[in-house]
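This report refers to the structure that appears directly beneath it.
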Amino acid sequence: MIESVHKSVLQESPTTPAGLLDGMSIALEARDIVLDYGSDRALNGVHLQVPSARVTALVGPSGCGKSSLLRCFNRLNDEIPDCRVRGVVQVQGRDVHGDDVALPELRRRVGMVFQRPNPFPLSVYENVAFGLRLSGLRKRRLLDERVETALRAAALWDEVRDRLERSALSLSAGQQQRLVMARALAVEPEILLMDEPASMLDPISTLKFEELVVSLAQRYSVLLVTHNMQQAARVADFTAFMHSGRVLEFDATDAMFTNPRLRQTEDYITGKLR
Amino acid sequence: MIESVHKSVLQESPTTPAGLLDGMSIALEARDIVLDYGSDRALNGVHLQVPSARVTALVGPSGCGKSSLLRCFNRLNDEIPDCRVRGVVQVQGRDVHGDDVALPELRRRVGMVFQRPNPFPLSVYENVAFGLRLSGLRKRRLLDERVETALRAAALWDEVRDRLERSALSLSAGQQQRLVMARALAVEPEILLMDEPASMLDPISTLKFEELVVSLAQRYSVLLVTHNMQQAARVADFTAFMHSGRVLEFDATDAMFTNPRLRQTEDYITGKLR
Amino acid sequence: MSERARPVHAIDGAGRWLSAGAVGLCLLLLAGLLALLVQQASSAFAVLPVEVLSLRGDPGDSLLGELVEVAGDRLVIRGSEWRRQGDAYRRIAVADLTTRDRPQDILLIRLRDGRHWFVREAVYRSVERDEPIVWSGMPAGIVLHHSDIAEVIAPNRLDWVERCRTLLSRAWLFLQGGRAQAVAGGDGLLAALIGSALLVILMSILVMPLGVLTALWMHEYAGSGWRARLIRASVSNLAAVPSVIYGLFGLALFVHTLGGSLDRWFYAERLPAPTFGAGGLLWSALTLALLTLPVVIVATEEGLSRVPRSLRMGALALGATRSEMLWNVVLPVARPALLTGLILAVSRAAGEVAPLMLVGVVKLAAALPVDAEFPWLHPSRAFMHLGHVVYDQALSGNDAVRAGGRAYAAALLLLALVVILNAIAILVRNRLRERSRQFQDD
Amino acid sequence: MPADLHATADFPLSIRRDAILRGRLRRERWVARAVAAAAALVLLAVIGMPAFLVLNAAGSIDNLSTLLPLLVGSLRASMYALLFGFPLAVLAAIWCARFASARLRALIKPLLEVFEAVPSVVLGLVAALSLAPWLAHHVVTVLLFLILAPLLLAFCGAMSERYPSVARRLARSHWQLCAATLALLATAFLCNGLAGMLGNSIASAFWEPATPWNALLIGLVLGVAIVPTVFSIAEDALFGVPASLADGAHALGATRWQTIWRLLLPAASPGLLAALLLGFGRALGETMIVLMASGNTPVLDLGLASGLRTIAANLALEAPIAIPGSAQYRLLLLSAIALFSLCLIVNAMAEMVRGWLRRRYARL
Amino acid sequence: MDRLHLDQHISQQFNSELAALTRQVLAMGGLVEQQLSTALQAHAEQDARRTDEVVARESEVNAAELDIDARCTQILARRQPAASDLRLVLAVVRMVTDLERIGDEAERIAKKADKLAGAEVAERYGMRLAQMGMLVRDQLRGALDTFARMDDIGALERLRRDREVDVLYKELAGMLVELMQQDAARVPAALELLWCARSLERIGDRCKNLCEQVIYLVRGKDVRHTGLARSLPPETHVEG
Amino acid sequence: MDRLHLDQHISQQFNSELAALTRQVLAMGGLVEQQLSTALQAHAEQDARRTDEVVARESEVNAAELDIDARCTQILARRQPAASDLRLVLAVVRMVTDLERIGDEAERIAKKADKLAGAEVAERYGMRLAQMGMLVRDQLRGALDTFARMDDIGALERLRRDREVDVLYKELAGMLVELMQQDAARVPAALELLWCARSLERIGDRCKNLCEQVIYLVRGKDVRHTGLARSLPPETHVEG
Ligand SMILES: Nc1ncnc2c1ncn2[C@@H]1O[C@H](COP(=O)(O)OP(=O)(O)OP(=O)(O)O)[C@@H](O)[C@H]1O
Ligand SMILES: Nc1ncnc2c1ncn2[C@@H]1O[C@H](COP(=O)(O)OP(=O)(O)OP(=O)(O)O)[C@@H](O)[C@H]1O
Ligand SMILES: [Mg+2]
Ligand SMILES: [Mg+2]
Ligand SMILES: O=P([O-])([O-])[O-]
């Protein structure tokens, strides 16, 4: 998927064990991000590298700035009044705040899935075709093809093939969330950001959705915010722990959940109070 | 709290291992409950015994009728148009559908906590005093006392003692949920029904809330609906598994989570598809 | 559990019944209003019994006329209207009557200008066909030509089916009474209907783009800055301004200032006869557009704010620009709200009378604002309007009884129009609410 | 899938080469300009209106005192209207939002809202031609009804709770509505009968209307006219209170009325207040009803029996014939400014209090 | 795998992790079995190369233990298994320790082969040792088999057959003691042989443990120390 | 407890469960230690009652194992422990098997005391056995102690001291073999003594396992089969 391996110039931060990401290409990188909402500081010097073709989970207590960080990568923070971001954000080695960056193109490449399933009130088909139409695709045959591919990739094709023209809102919550995923996949992003995508789903839909996320990690770089520690443990290859606006620890998920390096991480994972 | 030990006349149903509840007093009992919403059947012959002074969890897939069953015990289903309940529902051995049952009194004795924290838009104090005022308590000194007791029981006193007059809506979600609990405790119920009370809370608030539930089980009989299997495992002494309008299995939580008797239960607990 | 708290329950019951009674009263009032309108309107067209009365102390003469009303111990009789409508009413105390009769052979002759004459069948038949009709009892100098006769019926002989038919045909005649009648006798609603429709259409064309774009700006572009707050506050206050003030504003700005200037610049040759300098269709439409602007803006904004943030974010995150997001996602979702705004604006405009009285509506228009003459639409012309017909007929006219009936008929028509428009708006809105509930943030 | 993805991978985010993308960005800029222009136009109109009125009204004005009866007339009409219409509308809203079944509510709410669309000229017509003559003979009936109906209904309600079988039957909302309506009709007949028995003698003692077009008539009709406005907003506010609050109260053992009284009314108070003030504004600005049914007599009397003339009606009557620039014209403009300001003040108050209450009951 | 439907989780990854885990355990079991066979061969053939082979591969067994244990820890940390999944992981955790110890004993046996090479005692009692070795290897293979098939009945049977090993061991030990008493010179060799027999007996014991874990896994009943898993009912799951 | 903050969970119940678990393990450890002491006493005092005592209490050890294992399963099933909590439970699961086996060996030793009663060999080598016993008991106590204090450094030291036990065993075994070769009549008694020594050696080995588990628990590093836990850094948790 991503051929060029962008070696980060960032010197190994103390949050990450030495050599952990050696030889991996880096899909997303945040360097010293400071983010303010008006006068409230939400992020306070975040460093993070997200490797390509892996699932990276972002965990941490409520309000520690996970969603804010996520929105930095596709500059969705631009849509929030009073929100100011400083620092370097790179997507596959290119600065997203560069002058020559076109937001629509950036956001096409960095797909996003939200907490609450948000299908457009259109048909299933039109939902998936939405982004394609935006980018100027008109031919019905091509559209059909791409829609099917995306729905298959989102493990939804079999469930909706007979009702592509039905309203997307008639799907169950779990299906809706997978539809939203298909919609994001249709425009062929390289990176997927997910903000607590399964927190509104019931346990069985959650498991199915996690299954989907894992299967996607073969082709896409996934950055997944979750409140649910177990979920991070189940799906992520790497886990980053955030606390009060900083990434405190970044490690392979196995290591994080059996032997975290920081006291704070340990406390959060094992449910202790400081 | 509950003096008289009500021995159930219900013969041991096959859902429950023989002798499991022997010698325990039964706080709630449902016998052959059939519940319809209009023409949709939500409960289809439910048998359940909830022991006193224990936490009993009710788990099962979405839409299997957990909430509907819960509302049978305080007859909150009466407030839903088109909802019809048949069968015997007993609270501490007394039929709740009896002619001599006064709803306000029944509901005072059977407290309920909902999924979404629903504090009234009043001050913290007035929230807790609400039920007391309803039952005619006016003396400020007495009210103060009872409010404090309830807040202490809900493990909230220390956090709100200095802002009893502030709006309850200014509390965090976790605190709100404990406030709602205090409100229910203030009227001195004997039984507490909880409908996914922690599903809206973040992990740390959830843990605190669970802690509260466990501590309450010494004085109250708790029936807790939850989507979260782990939560049931953590807090419940007994667990009932519901599926499509029936209670299929009822057992001690330890047994349920290490060695369930039914295939369906096992599949649900271990996350398998049928 | 068995102790019962009676006082609580008693208050509960009292509250229930009181509030239910309030709803009942509202419904009764609504039903009463409708019934009254229908009854009064139909009485204007009903076929009334014709009686022959002889009065005490006036032995030689007997009265022939329709029994219009029985008010207590008095009768109101309308005799033949020899000269003009409304000149033949007589109020008679029952006590003064000696005989009262409803002979079968009385004919009612309705003339084309709406006057009613009564004559015995025998007399009518005896008259020769070609000549002007004259019969005994007719005041001197009055002549009836055959071409003037619209209808001849025998009111006392009709069965109820025929009565209904007659009623409906009279109502229909009244409704479609064209310009000719309008000029002649004010008897007809077509001109008023056309005027109202043109007004509303013109107003919609003016208000919709402006309102929707403004709402979009407020909700989507301005954020929560001071400019958006300023406009929002202004619009909210605009909504609170009484409609008659819009009328005054329209009069002062559009008619007197703008219209006056236009006349001086372009139509100087016609002065002092005003062209745009007097009330007219254009100024009325502009005034109403201003009046309904808040309705459209508020409805649109409400619709926009019901579109969940998550949908916008979803579209943006897919790479849509802001305008693409608005056009492809937000506006389609908010479309029912726009429609509601439009319909509410239209129904408000259709029912407004007070401002129009200041800026262009007239009792009788010399010409319709549309005709076959280039440029077909004449925005400077004064026009007639249903609501104003109601007002006018109710309070003026020498034939109060008939005018009242006509006022009620016009009112019924107006009400039907407005209610239908509103019902559509409400249905659409409820539909929208149902739909938006599916993806509502909570 | 992404064969063409590799093609652009070298310039991941660049716009330079993509004509479609450039077109999209250009369109975006134009749309933004158009929208801003429309907003500017509206702002111009909004601010221009009062400014224009004030500019035109400038000049010397002599008989200012003629405005006073008009102002008093306006306030009087609105007060009577609120006195009758507001409780009626709020009670109806309570029933609709909290007692009616979903199906009944879906029927009644639109019905009463359509009521709002009834053009005021129609109500004026009814008031002037039908109600006024009738009221002249039935004042006592009406007054009796206004007093007796609530009492009787409350009594019926309290009694019905004594008999569980009755109460249970009446728990179905349509039976409840039927029963209450029947009780109302019965009360109406009772009042008519009573009035017939003692009507003339008592009435003539304190009621000698100089005219059939009096303040009582205006109060009733204007009251009815504002009922839909008030009802609609109040019902929305009451229904908008989350069901979870009511559930919470029920679960604590509160009866429905307790829930309404202690919880829902306070929680909906911003909406109720807005309803009150908007109703007041509507009554203040109402023209046609007053024009047609008030007699238009500028008197300084506060009683029910006398007629009145409001600013709005006065404008409608005099403005079409006033000569632009004349003193009378300027006086009219001045009265309009007065009315305008009054409405603005009411509206601003509504917004303020609403905002305050909303903050207080925030995050519902 | 079939009996417990371990491959029917919604999460394919979990399925494959559990499958890999059982596969690894079986592979380790195979390895250990192989070690035991080789060790016995070393005795039978008195071939030092066999011994070296066993010693060389012992580290593989150790590595397998560490690896499987780490896997179990990961599964526990990442999947929060419950019910049968949890029992599987716990059973595996206990089984690998046993397997590793079996590997140790095999190594010990193999090492003795060197010392016994050419000893007359070995020739005399080699057959008996081999016989006992066969039985024990059979037990081990059987235990692994019951695990592979999740066969609780089979495991129960195996459990009961542990006695046979004990009987053989007692016999051999008695003979060897007698021999030692008779011939002081043969004491070292006999002692070595005794250690071998003792090791085999220990392996038999471990196989018993393996079987107990299989029963625990399938039935959810811990049958250790209960005197041969008395009165287990024949079937566990009620299809509801 | 301190080191890993096991008592600082939000869930008091979890805290107390973990506390109870460690307490139970320590109690079982105490019991096993007691068994070992009694067994050694049985040898020293040649008192059959001591032996009976050990045999009688062996079932307690078994019961403790089952009980603790069940507890661990419950904790795993109900609490989904991670990180240090998970390591604690897993360490305990492995430790109890070891403890139970130590109990078994103690029983075995005690039983030999009967057979050795009055034997001359016992008198001669009793002192040495006792010495070895003391050392092993010390190791056991030390291992339990490091567990109680979550003391990874201590455990590392203990690990290293296992060699001493092996040395003693080798000495004793050598002497006994020599003895047997010299005096055929003493073979059975010497053999019994050898079994005892062997058992003590096994116990020493088990203690090593215990220490390894303590290190795993505290450091999260599995040091089994790694040649004495080379080069463990001194501290684990960075306070961030
Ligand atoms: N739009 C906003 N305006 C102002 N402050 C905000 C906004 N969004 C977030 N914040 C604040 O920024 C901080 C970080 O918020 P963020 O949503 O990124 O946290 P989070 O880790 O995603 O929390 P959660 O787990 O609850 O979603 C919080 O303190 C929050 O209150
Ligand atoms: N008010 C209602 N009207 C009609 N049907 C209802 C109503 N409430 C619930 N149902 C239906 O009854 C069934 C059981 O619902 P219930 O809410 O009791 O399930 P649940 O187990 O609580 O589900 P969840 O876990 O999603 O809360 C569902 O099929 C649901 O659609
Ligand atoms: Mg977030
Ligand atoms: Mg539910
Ligand atoms: O480790 P053992 O084989 O002696 O139990």
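In what follows, chains are A, B, ... by sequence order, proteins preceding strands, each numbered from 1.
- Contact of B:I204 with chain F is made through backbone and side chain together, with heavy-atom distances under 4.5 Å.
- The CD1 atom of F:I10 sits 6.0 Å away from atom NZ of B:K208, with the distance rounded to the nearest 0.5 Å.
- F:Q13 places none of its side-chain heavy atoms less than 4.5 Å from the side chain of B:E210.
- Side-chain contact between F:R78 and B:R234 is absent, with no heavy atoms from C-beta onward closer than 4.5 Å.
- Surrounding CZ of F:R49 are at most 12 heavy atoms belonging to other residues, nucleotides or ligands under 6.0 Å away.
- Residue B:F257 holds its CZ atom at 11.5 Å from CZ of F:R79, rounded to the nearest 0.5 Å.
- Of all heavy-atom pairs between B:A233 and F:A77, the closest is CB-O, 3.8 Å.
- Atom CZ of B:R166 has 12 or fewer neighbouring heavy atoms from other residues, nucleotides or ligands inside a 6.0 Å radius.
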